[in-house]
Amino acid sequence: MAGSLTGCRQAQSTAEALPDKDIALQLYSIREVIGDSAKYADSHEEVFGQLRDMGYSAVEAANYGGGRFYGVSPEQFKTDCEAAGLEALSSHATRALSDEELAAHDFTEAMKWWDEAIAAHKAAGMTYLVTPWGNVPKTLEEAQTLCDYHNAIGAKCNEAGLRYGYHTHSHEFKNIGDTDRMWIEYMMENIAPENMFWQMDVYWAVMAGKSPVEYIKKYPGRFALLHIKDQYELGQSGMVNFEPIFKAAADAGLENFVVEQEGTDGSHAIMEGMAMNADYLRRADFVKAEY
């Protein structure tokens with residue numbers, strides 16, 4: 001464990017003089033040190049403490065299953081976060097429809113899964129429950145069934161006082177089957193805003209050849225969360241222009257943002273990268289202290 005944290009001390013020391021901001025981290029980013037129940041049991045206390053020292057204020061979970069997070073109860077996960085001064089803000093979790101369920105427009109068994117998941121996320125004190133992935137439908141009929149499914153999930157979350165969202169990658173910007181209907185825009189039109197918000201991954205939008213700013217402005221109020229991501233550490237590649245993204249999102253009702261990093265270039269440990277990301281955001285005058 002100690003080796004995985006090598007090199008982040010200096011960045012943390014620098015960060016101490018920087019302004020505090022609400023910065024959440026998607027824990028998938030540090031899966032090599034905390035990505036499963038065994039690693040969590042061994043390392044969560046030290047890792048969470050390190051994140052707080054770097055300047056993170058919240059986390060987004062990425063290991064939900066069977067009513068538990070990283071092998072512990074929702075209540076314990078909440079306690080573990082709070083002990084380090086972190087908020088358990090949100091989680092990535094979903095239950096995809098089988099081909100048979102999709103063809104039959106049958107959500108019966110799926111909704112039983114969602115009942116358990118919603119109860120667990122509420123018990124963990126989370127605000128948001130986010131579907132992290134979904135395939136592009138092959139037909140407009142499948143597309144409508146999936147929209148109906150998301151509407152049903154969102155309505156159930158609303159009843160429990162939980163916000164339901166969808167995390168985009170790049171494939172949502174593709175067309176449905178052989179139609180001229182783009183999947184993300186079809187969803188925007190057929191899923192009620194009160195039932196589902198969007199968590200745009202700004203890096204994957206850029207990789208799809210799309211402008212995050214354009215979509216944020218086109219659908220104001222829909223992007224309650226953002227995944228702030230670059231090729232590696234934030235601001236290193238020059239591929240993503242974060243300043244106009246933050247400004248447009250703030251004007252369009254951004255509530256929170258979550259840092260995610262899928263890996264490093266191999267020159268340093270992942271925890272050092274997390275410190276670099278927090279440092280970048282705390283130094284950026286275009287990032288507000290809170291949204």
Side-chain angles (χ1 to χ4, degrees), residues 21-26 58 60 89-90 92 127-134 136-137 140 143-144 146-147 150-151 154 157-158 163-176 179-231 234-262 277 280-291:
K21 297 182 179 181
D22 287 343
I23 303 173
L25 177 69
Q26 166 52 255
E60 181 174 75
L89 178 69
S90 54
H92 276 192
T127 302
Y128 309 102
L129 197 174
V130 182
T131 282
W133 178 269
V136 179
L140 289 178
Q144 189 57 54
L146 289 172
C147 289
H150 287 303
N151 273 313
C157 286
N158 289 340
R163 302 279 302 285
Y164 175 64
Y166 182 96
H167 172 276
T168 64
H169 289 79
S170 59
H171 60 276
E172 289 85 5
F173 296 96
K174 295 180 179 180
N175 287 348
I176 299 166
T179 75
D180 61 356
R181 302 294 303 278
M182 187 183 293
W183 178 216
I184 189 171
E185 296 192 351
Y186 189 94
M187 283 193 280
M188 285 287 187
E189 296 168 6
N190 290 279
I191 300 172
E194 63 270 22
N195 288 338
M196 193 177 84
F197 68 86
W198 294 83
Q199 183 184 58
M200 180 193 290
D201 186 307
V202 299
Y203 174 78
W204 283 118
V206 170
M207 290 302 97
K210 303 299 181 181
S211 165
V213 171
E214 178 183 329
Y215 272 84
I216 291 167
K217 290 182 175 180
K218 184 175 182 179
Y219 298 104
R222 302 298 294 269
F223 295 98
L225 298 182
L226 293 178
H227 256 200
I228 297 300
K229 184 193 296 180
D230 206 331
Q231 184 179 25
L234 299 178
Q236 300 292 310
S237 73
M239 300 166 69
V240 184
N241 189 353
F242 292 105
E243 184 168 0
I245 291 172
F246 271 99
K247 184 181 186 306
D251 292 343
L254 179 67
E255 297 175 10
N256 287 281
F257 66 89
V258 182
V259 174
E260 183 179 46
Q261 184 172 332
E262 296 195 12
N277 291 330
Y280 174 86
L281 292 165
R282 295 176 77 182
R283 290 181 183 279
D285 58 9
F286 55 81
V287 178
K288 295 167 60 175
E290 61 182 22
Y291 290 90

Donor + acceptor pair across side chains of [X], [Y] (<3.5 Å):
{"X": "Q236", "Y": "Y280", "value": "no"}
{"X": "S237", "Y": "D230", "value": "yes"}
{"X": "W204", "Y": "E262", "value": "yes"}
{"X": "Q199", "Y": "E60", "value": "yes"}
{"X": "Y164", "Y": "T131", "value": "yes"}
{"X": "N195", "Y": "N158", "value": "yes"}
{"X": "H167", "Y": "H227", "value": "yes"}

(Q) side chain to side chain contact (heavy atoms under 4.5 Å, CB included), that's the test. Do R181 and E189 meet it? Break it down for me. (A) CA-CA 11 Å; R181 302 294 303 278; E189 296 168 6; 2.6 Å; yes
Q: Report the C-alpha distance between Y128 and F197 in whole Å, list the side-chain angles of each, state the deciding distance to 0.1 Å, and finish with yes or no for ring-ring contact (aromatic ring centres under 6.0 Å, His included).
A: CA-CA 10 Å; Y128 309 102; F197 68 86; 5.3 Å; yes
Q: Give the minimum heavy-atom separation between A192 and N151, together with the two atoms involved.
A: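 Smallest heavy-atom distance, with atoms named: N-OD1, 3.0 Å.
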Q: For residues R163 and A224, report the shortest heavy-atom separation together with the two atoms involved.
A: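 Closest pair (atom of R163, atom of A224, distance): NH2-CB, 3.9 Å.
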Q: Spell out, as yes or no, whether a donor-acceptor pair under 3.5 Å connects the side chain of K21 to the backbone of V287.
A: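 Yes; at least one donor-acceptor contact below 3.5 Å.
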Q) Okay, side chain of K174, backbone of V136: is any donor-acceptor separation there less than 3.5 Å? A)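 No.
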Show me, pair by pair, the donor-acceptor contacts under 3.5 angstrom made by side chains of residues 242-251, not counting sequence neighbours?
unit_1, atom_1, unit_2, atom_2, d
K247, NZ, D251, OD2, 3.2

Q.
Is the shortest side-chain heavy-atom distance between S90 and L129 below 4.5 Å?
A.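 No, their side chains stay 4.5 Å or more apart.
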Q.
So, applying side chain to side chain contact (heavy atoms under 4.5 Å, CB included) with Y291, which one of D22, L226, N256, L254 is it?
A.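 Exactly one candidate clears the test, L254.
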